[in-house]
Amino acid sequence: MEMNDNILDNKEEEQQNRYKDIFKENMRQYQRIMAYYKCALMEVETKFKVLDEEFSLAYDRNPIETIKTRLKSPQSIVKKLQKKNLPQNIQSAEKELSDIAGIRVICPFPEDIYFLCDCLLKQDDVKLINSKDYIKNPKPNGYRSLHLIIEIPIFLQNEKRMMKVEVQLRTIAMDFWASLEHRIRYKKNLSEETLRALSKDLYECAEISAMLDNRMEVIKNMAEQNQAED
């Protein structure tokens with residue numbers, strides 16, 4: 001077993017080196033493009049932080065719990081290009097992939113998700129490219145989240161550049177479920193029978209999480225209503 005693990009580790013290391021070699025010839029260009037994506041993430045993160053602060057002042061509570069950002073690794077970029085049968089270079093990645101830069105916004109309640117989405121898309125420098133509502137229409141495994149692909153400008157020294165960013169909005173419960181589901185499902189050496197049993201249990205957990213979200217939102221609205229009447 002240990003020998004097999006070592007073979008797998010060596011293969012993974014070789015694969016990672018191969019991914020890096022793909023961008024090696026144009027490393028400066030790759031680094032420049034990734035810096036642009038990083039700037040785009042900062043722009044979108046700032047937009048959400050401003051909305052959170054404004055909402056807090058108006059309603060004395062925050063619609064955002066946490067914000068997480070990420071840039072795809074060279075390995076992930078190449079794998080996705082391979083999966084789509086696209087040329088494996090940075091030009092193809094920038095043109096064809098819309099999720100190189102990603103931001104995940106974690107909210108206390110489902111209504112916060114749609115409030116933030118509406119506020120973001122009303123901004124005149126934000127262009128919606130695509131949206132997928134996995135909250136109203138969950139994936140078969142129970143996954144819930146609101147996904148947006150947006151395009152925003154970043155302003156460089158001598159140019160304005162349009163950049164795509166993937167935005168995911170989830171509740172705390174949705175994020176908790178998705179994080180654990182990913183860890184459990186991608187464990188190695190699980191039998192087909194075990195995977196089927198896990199899928200069933202995970203789906204049931206997703207349904208319970210959704211009910212919890214809805215129940216907590218009802219309780220919150222009741223509390224706010226009673227406070228207003230007082």
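Values reported hereafter were calculated over all heavy atoms of this structure, with side chains retained and with hydrogens, waters and symmetry mates removed.
- Between Lys200 and Glu204 there is a salt bridge, since a side-chain N of the basic residue sits under 4.0 Å from a carboxylate O of the acidic one.
- For the pair Glu54 and Leu57, the minimum side-chain heavy-atom distance is 4.5 Å or more.
- The pair Glu151-Arg161 does not count as a salt bridge, with every side-chain nitrogen at least 4.0 angstrom from each carboxylate oxygen.
- Between Pro63 and Leu116 the shortest heavy-atom distance is O-CD1, 3.9 Å.
- For the pair Glu217/Thr171, no side-chain contact is recorded, criterion being any heavy-atom separation below 4.5 Å from C-beta on.
- Contact annotation: the side chain of Leu81 never approaches that of Pro87 to less than 4.5 Å [non-hydrogen atoms, C-beta and beyond].
- Scanning both residues, Pro108 and Ile172, for their nearest heavy atoms gives CA-CD1, 4.1 Å.
- A donor-acceptor pair under 3.5 Å links the side-chain atoms of Ser209 to the main chain of Cys205, judged by distance alone.
- Using a 4.0 Å cut-off between charged nitrogen and carboxylate oxygen, Lys47 and Asp125 count as a salt-bridge pair.
- Under the 4.5 Å side-chain heavy-atom criterion for ILVMFWY residues, a single connected hydrophobic cluster contains both Ile152 and Val105.
- Taking CD1 of Ile33 as the reference point, atom CG of Leu71 lies at 12.0 Å (rounded to 0.5 Å).
- Counting heavy atoms from C-beta outward, Val44 and Met163 have side chains that stay 4.5 Å or more apart.
- The CD1 atom of Ile154 lies 12.5 Å from the NZ atom of Lys38; values are rounded to the nearest 0.5 Å.
- Between Asp99 and the choices Lys164, Gln168, Lys80, His147, the side-chain hydrogen bond (donor to acceptor under 3.5 Å, both in side chains) rule is met once, by Lys80.
- Val167 and Leu169 make their closest contact through CG1-CD1, 3.8 Å (heavy atoms, listed as atom of the first residue, atom of the second, distance).
- Around atom NZ of Lys49, no more than 12 heavy atoms belonging to other residues, nucleotides or ligands sit under 6.0 Å away.
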Item to complete: Could you check Ile135 against Asp133 for side chain to side chain contact (heavy atoms under 4.5 Å, CB included), going step by step and ending with a plain yes or no?
Response: CA-CA 5 Å; Ile135 299 173; Asp133 192 338; 3.3 Å; yes
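- Formation of a donor-acceptor pair under 3.5 Å by the Trp177 side chain with backbone atoms of Glu207 is not found in this model.
- Side-chain contact between Val165 and Ile103 is present, with at least one heavy-atom pair separated by less than 4.5 Å.
- The pair Asp213-Arg170 fails the salt-bridge criterion, with no side-chain N (NZ, NE, NH1 or NH2) lying under 4.0 Å from an Asp/Glu carboxylate O.
- Figure legend: Lys136 and Tyr114 shown as a cation-pi pair, the cationic atom lying under 6.0 angstrom from the six-membered ring centre and within 45 degrees of its axis.
- With contacts defined as side-chain heavy-atom distances shorter than 4.5 Å, the pair Tyr36/Ile100 does not qualify.
- Under the 3.5 Å distance criterion, the side-chain polar atoms of Asp175 are left unmatched by any main-chain donor or acceptor of Ile106.
- Around the CD atom of Glu159, the shell of radius 6.0 Å holds more than 12 heavy atoms that belong to other residues, nucleotides or ligands.
- The nearest pair of heavy atoms linking Ala101 to Tyr37 is CB-CD2, 3.7 Å.
- Residues Leu97 and Met162 fall into different hydrophobic clusters, defined by Ile, Leu, Val, Met, Phe, Trp and Tyr side chains chained together at heavy-atom separations under 4.5 Å.
- Within the 4.5 Å cutoff, side-chain heavy atoms of Arg70 are placed close to those of Glu166.
- Between Cys117 and Leu148, the closest side-chain pair of non-hydrogen atoms falls below 4.5 Å.
- Residue Phe55 places its CZ atom among more than 12 non-hydrogen atoms of other residues, nucleotides or ligands, all under 6.0 Å distant.
- For Ser92 (side chain) and Gln88 (main-chain N/O), no donor-acceptor pair under 3.5 Å exists by modelled atom type.
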